[in-house]
Amino acid sequence: MIDKYSPQEIEPKWRQRWEKDRLYEVSEDDPKPKYYALTMFPYTSGDLHIGHWYAMAPSDVHARFKRMQGYNVLHPMGFDAFGLPAENAAIKRGIHPFTWTMQNVKNMRRQLRSIGAIYDWSREVVSCLPEYYKWTEWFFLKLYEAGLAYRGKAPVNWCPQCQTVLANEQVLGSGFCERCGAAVIRRDLEQWFFRITRYADELLSFDGIDWPERIQIMQRNWIGRSEGTEISFAIDHSGVPEKEIRVFTTRPDTTFGATFMVFAPEHPLVSVLTTPDRKAEVDAYIDKSRHLSEIERLSTEKEKDGVFIGAYCTNRLNGKKVPIWIADYVLLSYGTGAVMGVPAHDERDFLFARKYGIPIPVVIAPPGWQGEALAQAYIEEGTLVNSGQFNGLPSQQALGAISDFLEEKGWGKRTVSYRLRDWLISRQRYWGAPIPMVYCAKCGIVPVPEKDLPVLLPEDAEFKPTGESPLKYHEQFVNTTCPRCGGPGKRETDTMDTFMCSSWYFLRYTSPNVDDAPFDNAKIKFWMPVDLYTGGAEHAVMHLLYSRFFIKALRDIGLLDFDEPFTRLFNQGTIIAEKQKMSKSRGNVITPDEYVNELGADTVRAYLMFLAPWEQGGEWNDSSISGISRWLNRIWQLVLDSYQPNKKLTPDNAENAERELSRFTHQTIRRVTQDMEKLRFNTMLSALMEFTNYLATVKEAGAVAAPAWQETIDILLRLLAPTAPHITEELWQRTAHPYSIHNQPWPQWDETLARDEEITLVVQVNGKLRDRITVPASVSEDELPQLLQEKAARANAYLQGKKVLKRVYVPGRLINFVVK
RNA sequence: GCCGGGGUGGCGGAACUGGCAGACGCGGCGGACUUAAAAUCCGCUGGAGCAAUCCUUGUGGGUUCGAGUCCCACUCCCGGCACCA
């Protein structure tokens with residue numbers, strides 16, 4: 001009698017053994033080809049929920065698969081440990097963010113171990129430790145030296161709840177804070193920025209990397225490249241030195257139709273151009289738009305309004321004077337912060353002009369246009385009218401012709417505009433990497449010298465719910481000496497966006513313990529770039545874009561020699577519960593611990609992979625997981641319960657059965673291997689289930705000799721090892737194999753052995769299935785009539801007395817008779 | 001509004017390049033074992049029909065010997081973007 005499958009006993013036992021033997025530690029001395037398999041490191045929120053498992057278990061399975069395939073696999077784990085929740089906990093419960101975070105790290109390490117992954121813990125990275133953030137600061141200095149970090153005043157997204165600024169990427173489309181959901185408002189602040197826009201064009205290219213189309217599109221849209229022309233409108237205003245206003249347009253072909261000019265309310269020329277009689281109204285409008293929240297201002301439903309500032313400029317193409325307005329639908333940060341209003345051919349301009357009685361002359365005639373007024377803006381192509389020497393040109397051609405003309409005259413220039421803004425990295429919070437800068441009354445902004453890094457976060461900061469960083473009030477932190485002149489200086493009290501920490505952590509895993517550099521160059525050369533990066537798609541335009549920028553910037557600084565951090569990207573879906581996304585507030589969070597305790601990590605791992613395609617995600621279902629548990633139990637029995645060949649087995653029928661067994665085995669190896677490569681874990685597991693179902697019938701019949709059986713079990717266990725590392729290790733040992741199964745090679749399939757000898761040929765009459773016959777796989781078309789005559793009695797009945805008009809034969813699949 | 005992705009049994013999901021729709025699992029039904037139940041094992045399980053057979057992949061059309069798969073129109077769901085001139 002064999003003992004029961006008891007994951008509670010075998011799982012901790014093997015995990016301890018693997019750890020003791022350092023089975024999963026990796027080294028650069030290994031001659032095998034390297035494979036860097038990376039999963040996005042988790043934020044130190046405190047508890048590992050099933051969503052973390054969904055990110056980590058399948059990627060571990062794939063990493064284990066690559067390992068068995070003979071790769072030297074780096075599959076590290078660490079913690080994204082800076083960020084607001086730690087600080088909020090400090091304010092709310094009086095725990096220091098460091099203490100709170102490290103407690104969570106400790107708990108999460110324990111929970112992560114229960115997954116049974118091949119993490120090499122000797123390479124763990126925790127982003128809030130000084131030995132890590134020293135280098136985050138160092139990178140800031142490098143970017144600053146390279147002119148890629150700058151301080152600038154800009155209207156920024158301010159979250160009143162988090163009391164900090166947010167990057168554009170952290171503001172949800174409707175104007176809410178990505179983290180807390182509060183409505184974001186605008187404030188003018190001096191902030192630190194990274195010049196990600198300098199890399200806009202390079203970031204548009206995904207050549208040489210294998211990323212999901214979806215993410216590429218999202219990044220391209222986010223960057224928002226558009227080609228157009230900057231056009232100069234003349235101004236002549238007493239006391240104003242500027243003689244022109246430049247606007248950006250993608251439709252220079254419509255320039256003759258410009259009947260007004262619109263500035264963003266914050267545009268610097270507004271104050272100087274506004275005439276005294278308009279000043280009160282203009283100021284009131286500017287004030288109003290500043291106080292609107294981002295949502296209100298950006299709402300497409302909001303009626304377009306604006307104020308005439310009293311000044312005019314000249315449309316140089318037709319010499320006409322056009323009034324200058326301000327309106328908050330024009331954004332200072334895009335293009336030149338000013339647009340020409342062409343009401344006939346732009347929907348917004350049309351609404352604006354109609355509201356204020358501005359003329360709407362047609363310059364692009366729609367097909368069949370008879371000179372009538374337009375009921376709405378016509379934004380399609382057409383023929384130019386009312387456009388001087390360009391009349392009669394198709395708008396496509398006019399676009400180029402007018403641009404050429406403007407460039408010749410020096411009135412315009414073709415340019416490219418981007419939606420992407422520079423990356424705002426300042427955060428008015430304590431729990432982040434300090435920005436290593438000093439403000440000196442004499443020397444201005446002075447970087448902290450490298451030898452003085454890290455600028456440490458003071459431990460004795462006081463956390464009060466004032467909404468301001470405790471750093472600001474920490475005298476010893478703030479007051480310092482200027483590194484340049486030695487005089488009194490004040491430290492920057494803002495810290496860096498945590499996305500800065502996550503833009504380089506994957507570099508640190510390669511050499512986590514070097515202390516005189518962020519990484520060891522030789523090890524970077526060995527491991528980078530990451531071969532497979534997996535994680536949620538919610539990072540599409542944040543972490544994933546920032547990291548690409550970061551790597552390109554470091555490359556240009558001379559620190560790296562590759563262009564892209566992640567060669568292949570894969571986004572897993574989301575696990576939901578009770579038809580809803582899991583969240584603490586809904587109380588539907590699935591905690592893996594109880595399932596691991598009851599059913600075992602192997603079952604939870606396999607279940608997560610089986611329930612749906614990985615990229616799709618799906619619903620956690622308590623009753624479905626029992627199917628996996630039952631299956632592993634059946635495998636336990638199948639392997640351990642002794643195999644008895646049938647006593648009546650003759651060499652002849654044993655040979656047939658063994659050939660069939662070997663065919664099934666090799667077909668299974670092929671399916672499992674191919675699904676593993678494609679990360680199609682759900683079908684990979686169904687292939688293994690079909691295989692075990694088949695093996696059960698072979699065993700029941702005792703159809704093959706004992707050695708053939710043993711060999712098959714050996715393969716089954718190896719195919720299952722990445723998915724269920726504990727049970728397979730136990731069974732491997734109990735079937736008298738040397739430790740460890742995880743050092744065994746991945747089974748290879750043989751196409752010859754996997755080939756079917758017989759196939760089922762479908763017989764159709766007029767496209768309807770009428771019969772199935774079993775024929776040798778090698779059957780030739782000439783042999784078919786005979787075989788059909790003998791075997792396809794049912795189909796033949798349908799052919800009786802009919803005239804065969806056509807015969808379609810698809811070798812290996814079907815034959816279709818078209819009859820009348 | 002724009003850009004993606006999707007709609008297949010009671011449920012999660014399979015289906016190569018246009019070629020047996022529903023693999024695998026859950027659930028359900030029936031049976032074995034048991035004093036009984038749980039667990040386990042075996043069988044059946046898209047719908048209608050006694051059956052032959054017919055119907056069936058969101059809806060409507062088309063291409064084809066043949067369509068879940070390709071084309072057109074519509075519809076619903078999910079994700080992203082949303083005054084970017």
Side-chain angles (χ1 to χ4, degrees), chain A residues 4 172-175 212-222 224-226 228-229 247-251 254 262 264 297-302 304 327-331 333-342 345-349 351-352 417-421 537-538 540-541 571 573-574 606-607 610-613 615-628 630-631 633-634 637 674 680 682-693 696 700 760-772 797 805-819:
Chain A
K4 247 184 75 198
L172 301 179
S174 42
E213 196 63 35
R214 194 163 59 103
I215 303 291
Q216 295 187 28
I217 290 167
M218 281 165 78
Q219 292 202 352
R220 283 202 190 98
N221 289 344
W222 188 259
R225 184 182 199 273
S226 44
T229 305
V247 298
F248 175 77
T249 179
T250 54
R251 292 292 303 274
T254 65
V262 195
R297 181 160 169 189
L298 288 184
S299 164
T300 30
E301 266 93 80
K302 179 177 166 286
K304 317 247 165 301
D328 60 11
Y329 74 86
V330 176
L331 308 174
S333 48
Y334 186 77
T336 62
V339 299
M340 59 179 192
V342 184
H345 308 292
D346 181 280
E347 280 171 35
R348 294 155 304 184
D349 297 345
L351 295 172
F352 194 83
S417 273
Y418 300 91
R419 212 191 78 112
L420 180 74
R421 308 281 191 275
E538 66 273 16
V541 292
N571 299 112
T574 318
Y607 174 59
F610 184 65
L611 97 173
E615 69 270 29
Q616 184 187 307
E619 188 167 4
W620 178 273
N621 187 315
D622 272 356
S623 61
S624 296
I625 194 172
S626 60
I628 296 292
R630 285 201 279 249
W631 177 55
N633 268 293
R634 280 201 298 275
Q637 296 292 327
Q674 290 172 348
R680 302 278 301 182
N682 57 330
T683 48
M684 182 271 287
L685 285 173
S686 58
L688 282 175
M689 286 175 181
E690 283 179 60
F691 189 44
T692 48
N693 290 347
E700 176 74 22
T760 303
L761 191 78
V762 168
V763 186
Q764 293 185 342
V765 179
N766 285 340
K768 286 193 193 291
L769 175 91
R770 294 305 180 191
D771 221 330
R772 296 185 176 98
L805 302 174
K806 192 173 175 183
R807 215 182 65 154
V808 182
Y809 174 58
V810 184
R813 297 232 178 252
L814 58 74
I815 182 153
N816 184 16
F817 296 93
V818 184
V819 302

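By convention in this document, chain letters (A, B, ...) are assigned in the order of the sequence lines, proteins followed by strands, and residues within each chain are numbered from 1. Keep in mind the model is a prediction, meaning the values are calculated, not measured.
Side chain Arg630(A) to base rC41(B): no donor-acceptor pair is found below 3.5 Å.
Across all strands, Ser226(A) comes closer than 4.0 Å only to sugar-phosphate atoms, never to a base (heavy-atom distances). Counting any heavy atom pair closer than 4.0 Å across all strands shown, Leu611(A) reaches sugar-phosphate atoms only and no base atom. Among the heavy atoms of the strands lying under 4.0 Å from Val818(A) are primed sugar atoms or P, OP1, OP2 only; no base atom is included. Among the heavy atoms of the strands lying under 4.0 Å from Asn693(A) are primed sugar atoms or P, OP1, OP2 only; no base atom is included. Counting non-hydrogen atoms under 4.0 angstrom, Ser686(A) reaches a base of the nucleic acid. In this structure, Arg634(A) reaches the sugar-phosphate backbone alone: every heavy-atom distance under 4.0 Å involves primed, P, OP1 or OP2 atoms, never a base. Within 4.0 Å (heavy atoms only), Gln616(A) reaches sugar-phosphate atoms of the nucleic acid but no base atom.
In this structure, the nucleotide among rG4(B), rC20(B), rC84(B) sitting nearest to the side chain of Val762(A) is rC20(B). Minimum atom distance to the side chain of Gln764(A) is reached by rG19(B), of the listed rG19(B), rC65(B), rA85(B). Relative to the side chain of Val808(A), the nucleotides rG4(B), rC65(B), rA14(B) differ in distance, and rC65(B) lies closest. Distances from the side chain of Ser626(A) to the nucleotides rC84(B), rC3(B), rG27(B) place rG27(B) closest. Closest contact between the side chain of Phe248(A) and the listed nucleotides rA85(B), rC83(B), rC84(B) involves rA85(B). Here rA85(B) is the nucleotide among rA85(B), rC81(B), rC3(B) with the atom lying nearest to any side-chain atom of Thr249(A). The listed nucleotides are rA14(B), rA85(B), rG19(B); the one nearest the side chain of Asn816(A) is rG19(B). The nucleotide whose nearest atom lies closest to any side-chain atom of Arg419(A) is, among rA85(B), rG25(B), rC81(B), rC81(B). Checking rG19(B), rG13(B), rC24(B) against the side-chain heavy atoms of Ala612(A) singles out rG13(B) as nearest.
The backbone N or O of Asn621(A) sits less than 3.5 Å from a side-chain atom of Tyr607(A), completing a donor-acceptor pair. Judged by distance alone, with hydrogens and angles left aside, the side-chain atoms of Asn571(A) form no donor-acceptor pair with the main-chain N or O of Glu615(A) at under 3.5 Å.
Thr683(A) contributes atom OG1, which lies 10.5 Å from atom CD of Glu690(A) (distance to the nearest 0.5 angstrom). Distance check, rounded to the nearest 0.5 Å: OH of Tyr334(A) to CZ of Arg419(A) gives 9.5 Å. Atom CE of Met218(A) is separated from atom CD of Glu213(A) by 13.0 Å, given to the nearest 0.5 angstrom. Separating the CG atom in Asn693(A) from the OG atom in Ser686(A) is a distance of 10.5 Å, to the nearest 0.5 Å.
Comparing Gly337(A) and Val541(A) by the nucleotide of RNA chain B whose heavy atom lies nearest to each, the residue mapping closer to the 5' end is Val541(A). Closest-nucleotide positions on RNA chain B for Thr760(A) and Arg214(A) were compared, and the one nearer the 5' end corresponds to Arg214(A).
Checking Ile815(A), Asn816(A), Val818(A) one by one against Gln764(A), the side-chain contact (heavy atoms from CB on, under 4.5 Å) holds for a single residue, Asn816(A).
The same atom, C1', is picked in rC81(B) and in rC72(B); the two are 27 Å apart, to the nearest Å. Using P as the reference atom, rU53(B) and rG58(B) are 27 Å apart when rounded to the nearest Å. Rounded to the nearest Å, the gap between the P atom of rC78(B) and that of rG62(B) is 32 Å. Across the C1' atoms, rG46(B) and rA23(B) are found 14 Å apart, a figure rounded to whole Å. rG18(B) and rG12(B): their C1' atoms are spaced 27 Å apart (whole Å). Rounded to whole Å, the separation between the P atoms of rC20(B) and rG66(B) comes to 15 Å. Comparing rA39(B) with rU45(B), their P atoms sit 23 Å apart, to the nearest whole Å. Comparing the same atom, C1', in rU75(B) and in rC65(B) gives a spacing of 31 Å after rounding to whole Å.
A side-chain donor-acceptor contact under 3.5 Å links Ser333(A) and Arg421(A). The closest side-chain donor-acceptor pair between Asp622(A) and Trp620(A) falls under 3.5 angstrom.
Atom-to-atom, CD of Glu690(A) to C1' of rG25(B) comes out at 11 Å; the value is rounded to the nearest Å. Following rounding to the nearest Å, Asn221(A) (CG) and rC81(B) (P) show an atom-to-atom distance of 10 Å. Rounding to whole angstrom units, CZ of residue Arg251(A) and C1' of rC84(B) are separated by 15 Å. The CE atom of Met689(A) sits 14 Å away from the P atom of rA23(B) (whole-angstrom rounding). As rounded to whole Å, 15 Å separates atom C1' of rA85(B) from atom NE2 of His345(A). Separating the CG atom of Leu769(A) from the P atom of rA21(B) is a distance of 6 Å, rounded to the nearest angstrom. Following rounding to the nearest Å, Glu347(A) (CD) and rA85(B) (P) show an atom-to-atom distance of 13 Å. Counting to the nearest Å, the C1' atom of rG12(B) and the CG atom of Asn682(A) are 10 Å from each other.
A glycosidic torsion no more than 90° from 0 defines the syn conformation, and rG9(B) adopts it.
Under the 4.5 Å side-chain criterion, counting only non-hydrogen atoms from C-beta, Val819(A) is not in contact with Leu805(A).
An OP1 or OP2 oxygen of rC84(B) is reached within less than 4.0 angstrom by a side-chain nitrogen or oxygen of Arg348(A). Between Arg680(A) and rA14(B), a side-chain N or O to OP1/OP2 separation shorter than 4.0 Å is present. Considering only side-chain N and O atoms, Lys768(A) lies nowhere under 4.0 angstrom from the phosphate OP1 or OP2 of rA21(B).
Annotation: Glu538(A), atom CD; neighbour count of heavy atoms from other residues, nucleotides and ligands within 6.0 Å is above 12.
Consecutive Watson-Crick or G-U pairing (both distances under 3.5 Å) extending over three or more pairs maps onto RNA chain B as B:1-7 with B:75-81, B:10-12 with B:24-26, B:27-32 with B:40-45, B:46-48 with B:53-55, B:58-62 with B:70-74.
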